[in-house]
Each structure stands twice: as structure tokens, then as C-alpha cells.
Amino acid sequence: MRTVYICSPYRAKDSAELDRHIDYAQQLTRQALEAGLAPITPHLYMTQCLNEDKPQERAIGMTAGLELMKSCAFVIAGTKYGISEGMKREIATAIKLQIPVIDAMNLPFEPEYEKQRNAERLANDYAKLYACHFCRGRHLHTCTGYSCVEPYQRAYEAALRKYSRKNE
């Protein structure tokens with residue numbers, strides 16, 4: 001599971017806008033979880049114990065969030081409601097650290113690593129079925145000296161090439 005950093009607006013003029021921003025951050029977090037990612041959304045939980053209106057506490061929260069970002073594979077920037085000052089800082093830091101930033105509006109339906117994982121599953125299933133036709137149903141593997149490892153590996157690699165090309 002790859003760790004990703006969720007970056008979306010938090011600060012708001014009124015409570016209705018704040019609720020909308022929180023809902024959006026939760027939606028992005030859920031979307032990442034459903035895609036098989038491990039999301040970090042610091043503004044959803046750090047604001048529960050730090051006062052966003054106190055500059056010193058906000059700075060502590062931002063610093064901690066940016067430190068968490070360093071361990072992430074990429075940043076998902078939720079830009080549906082604009083880019084806040086905090087987001088600008090997070091995006092600039094990600095770029096400086098050479099961490100890819102992906103706009104949530106442009107996320108592919110199926111992440112690239114998920115396509116690869118599906119190709120591997122299909123290749124494994126194919127290899128199990130077609131690795132060794134001659135020995136199927138027998139206890140003695142006469143074609144490869146008691147082992148179907150080599151035919152399985154060849155079948156798996158051929159199927160993986162086929163299914164990986166199909167996903168491109």
C-alpha cells in the first residue's frame with residue numbers, strides 16, 4: 001500500500017464553508033482508501049488538537065504535516081474549491097522534495113500501480129492453468145523432472161507481457 005498526502009483547503013470564512021472543506025477532505029481521503037492507498041490528511045486531525053486561529057499553533061501543525069509528506073509517494077491536491085495559502089506551501093514543498101503532485105480532478109479511474117497489480121493477477125491465473133499441459137492430472141511431472149516451476153515461470157512472464165501491454 002502506497003502512502004499519499006491529501007492536500008485540500010481547510011480555512012474558511014464561515015462555518016458552512018468550513019464544513020464543505022472538511023467534507024471534501026474526507027471525500028478525497030475515502031477515495032484514496034478505496035483506490036488501495038494509505039492517505040495522510042493532516043488537516044483533518046491536527047486541527048482537532050491545535051487552534052487554527054493561533055499563528056503559532058497553525059505553524060506547528062503545518063510543520064508536522066510537511067514532515068509527514070516526506071514519506072509519501074505522491075500528493076493529491078484537491079483543487080475543487082481553489083488553492084489556499086496552506087496548500088500553496090504544501091505544493092511548493094512537494095515540488096522542492098521532488099514528490100509528484102496530482103490534481104484530484106485529474107486522477108485516473110484506476111491508478112497505474114493497480115493496473116500492474118491486475119496484470120500480475122491475470123498472469124498468475126493464466127500460468128496456473130497453462131504452465132504444463134502434459135503433466136496436468138498426473139502426480140509424476142515427467143516433462144520437467146518432477147517440477148513445474150520453470151514452465152510456470154515462462155507462462156507467467158509471457159502472460160504478464162501480454163496483459164501489461166493490454167493495459168497501456
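- Checking side-chain atoms of H21 against main-chain N and O of S8 turns up no donor-acceptor pair under 3.5 Å.
- Between M69 and I99, some side-chain heavy-atom pair lies under the 4.5 Å cut-off.
- A donor atom on one side chain and an acceptor atom on the other are not found under 3.5 Å apart for E52 and Y10.
- Under the 4.5 Å side-chain criterion, counting only non-hydrogen atoms from C-beta, R58 is not in contact with L50.
- Atom NE2 in H43 sits 8.0 Å away from atom CE in M87 (nearest 0.5 Å).
- For the 3.5 Å distance criterion, the side chains of Q153 and E157 qualify, holding a donor opposite an acceptor.
- Heavy-atom contacts from other residues, nucleotides or ligands closer than 6.0 Å to CD of E34 number more than 12.
- Partners of Y24 by ring pair (Phe, Tyr, Trp, His ring centres under 6.0 Å), not counting sequence neighbours, listed by chain and number: Y81.
- Checked against C72 for a side chain to side chain contact (heavy atoms under 4.5 Å, CB included), the options I40, I6, L37 give a single hit: I40.
- If you take OG1 on T41 and CD1 on I22, they are separated by 12.5 Å, rounding to the nearest 0.5 Å.
- By the criterion of side-chain heavy atoms lying less than 4.5 angstrom apart, applied directly or through intervening Ile, Leu, Val, Met, Phe, Trp or Tyr residues, I91 is not grouped with V4; the two fall into different hydrophobic clusters.
- Within the 4.5 Å cutoff, the side chain of E90 has no heavy atoms near those of the V101 side chain.
- In this structure the side chain of R121 never reaches within 4.5 angstrom of the side chain of N124, judged on heavy atoms.
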side-chain contact (heavy atoms from CB on, under 4.5 Å) between T93 and M62, worked out: CA-CA 11 Å; T93 301; M62 286 292 294; over 6 Å; no
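- Hydrophobic clustering (ILVMFWY, side-chain heavy atoms < 4.5 Å, transitive): L18 and L44 are in one cluster.
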